[in-house]
Amino acid sequence: MQENENLEQKTRVIFLMEKYAHYIFHRFFEKPGRDRALRILYDSGTITQKTFAEKMSIRPSSASDILAKMESEGLITRACHDDDKRNINITLTETGKKITEEVSLKQQSAVKQMMLCLTAEELTTLETLMNKLLADWDYKFGEEAKCCLHEKKRGKEE
């Protein structure tokens, strides 16, 4: 009996995590993928397309698609590397920098609002528990999760 109750509670916690993810990525952050890409470029200055793909943990072809869209929106410039024409340097435009700074301010405000109901002690406890879960999940499912993620991406591309 106790084991079933514990399983039901664990299941409820997982569903709560799903709700939190929904709030974070769909209600408070308009374009999480683009915003993450902008932040990486903002923090990196000028980087190669290969480095960008690595930092985003995506394939070079996916990075190329994302960057092409950002370039068409006037957020970045791409130019061949001086020493090796096969390498492409990516740099944020002034528009890209401005949007990144605006997004950053919105996200900071959202984070403050989202965590307003927690005391400093509760926030520390929550962070500790979440880090414990993540470390365990990375250990247990890290490679498996990466494999499944690549399978999903490959299925979408075909």
Side-chain angles (χ1 to χ4, degrees), residues 14-135 137-138 141-142 145-158:
I14 294 295
F15 283 122
L16 285 171
M17 289 178 178
E18 184 181 11
K19 278 186 167 183
Y20 293 130
H22 179 80
Y23 271 95
I24 291 167
F25 292 109
H26 298 291
R27 291 197 178 187
F28 289 102
F29 304 117
E30 294 172 29
K31 298 179 180 178
R34 184 205 69 178
D35 294 347
R36 182 168 170 257
L38 286 170
R39 173 52 57 193
I40 286 171
L41 294 168
Y42 187 89
D43 291 343
S44 300
T46 298
I47 63 171
T48 65
Q49 188 164 320
K50 180 181 177 183
T51 302
F52 173 77
E54 289 168 359
K55 288 186 178 213
M56 289 286 290
S57 300
I58 58 176
R59 288 190 230 155
S61 59
S62 298
S64 184
D65 293 343
I66 290 168
L67 293 168
K69 184 171 183 182
M70 292 173 73
E71 188 175 31
S72 73
E73 294 172 357
L75 303 176
I76 65 161
T77 58
R78 293 193 281 184
C80 289
H81 192 275
D82 292 336
D83 298 332
D84 184 351
K85 300 297 181 200
R86 293 173 296 172
N87 284 328
I88 298 172
N89 288 332
I90 293 99
T91 307
L92 279 178
T93 62
E94 288 305 313
T95 301
K97 289 176 186 175
K98 183 180 176 191
I99 288 174
T100 305
E101 291 164 358
E102 290 170 359
V103 165
S104 182
L105 289 174
K106 284 181 184 177
Q107 288 177 345
Q108 289 171 16
S109 176
V111 167
K112 288 177 187 175
Q113 288 296 313
M114 292 165 67
M115 298 296 170
L116 202 56
C117 68
L118 298 177
T119 66
E121 184 178 323
E122 289 169 333
L123 196 55
T124 299
T125 301
L126 179 61
E127 182 180 19
T128 300
L129 292 172
M130 291 178 81
N131 280 326
K132 182 178 180 178
L133 272 175
L134 189 58
W137 292 353
D138 280 346
F141 311 117
K146 288 178 190 173
C147 178
C148 292
L149 182 61
H150 289 299
E151 289 299 317
K152 281 185 180 178
K153 284 182 182 177
R154 199 169 23 246
K156 286 182 181 177
E157 291 173 1
E158 292 174 350

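Below, each value reflects all heavy atoms present in this structure, side chains not excepted, and no hydrogens, waters or symmetry copies.
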Distance-only donor-acceptor hits, side chain of residues 64-76, under 3.5 Å, sequence neighbours excluded:
{"residue": "E71", "atom": "OE1", "partner": "R78", "partner atom": "NE", "Å": "3.1"}
{"residue": "E71", "atom": "OE1", "partner": "R78", "partner atom": "NH2", "Å": "3.1"}
{"residue": "S72", "atom": "OG", "partner": "K69", "partner atom": "O", "Å": "2.8"}

With sequence neighbours left out, the residues meeting side chain to side chain donor-acceptor pair (under 3.5 Å) with Q108 are S104
Supply the atom-to-atom distance E101 CD to L38 CG, rounded to the nearest 0.5 angstrom. 11.0 Å
Side-chain touch E18/H22, heavy atoms, less than 4.5 angstrom: no
How far apart are the closest heavy atoms of A63 and A53, and which atoms are they? CB-CB, 3.7 Å
Measuring from T93:OG1 to L41:CG, what's the distance to the nearest 0.5 Å? 10.0 Å
Closest approach of K55 to S44 (non-hydrogen atoms, all atoms of both residues): NZ-OG, 3.3 Å
For P60 and Q49, the nearest pair of non-hydrogen atoms, with its separation, is O-NE2, 4.1 Å
Which residue pairs satisfy the salt bridge (charged side-chain N to carboxylate O under 4.0 Å, His left out) criterion with at least one member in residues 110-134, sequence neighbours excluded? none
Could you check whether any side-chain heavy atom of I88 comes within less than 4.5 Å of a side-chain heavy atom of T48, counting everything from C-beta outward? no
Any chance CE of M17 has more than 12 other-residue heavy atoms, nucleotides or ligands included, within less than 6.0 Å? yes
Tell me every residue that passes salt bridge (Lys or Arg N to Asp or Glu O under 4.0 Å) with R39, counting only those two or more places apart in sequence or in another chain. D43
Please list, chain by chain and in numerical order, all residues satisfying side chain to side chain contact (heavy atoms under 4.5 Å, CB included) with L116, sequence neighbours excluded. Q113
Separation of I40 CD1 from E54 CD (nearest 0.5 Å): 11.5 Å
Output the distance between atom CG (L92) and atom CD1 (I47), rounded to the nearest 0.5 Å. 9.0 Å
Taking only Lys NZ, Arg NE, NH1 and NH2, and the carboxylate oxygens of Asp or Glu, determine whether E94 and K97 approach each other closer than 4.0 Å. yes
Taking only residues two or more places apart in sequence, or in another chain, which ones meet T124 in a side chain to side chain contact (heavy atoms under 4.5 Å, CB included)? T128
Look up atom CG in L126 and atom CG in N131, then write down how far apart they are to the nearest 0.5 Å. 9.5 Å
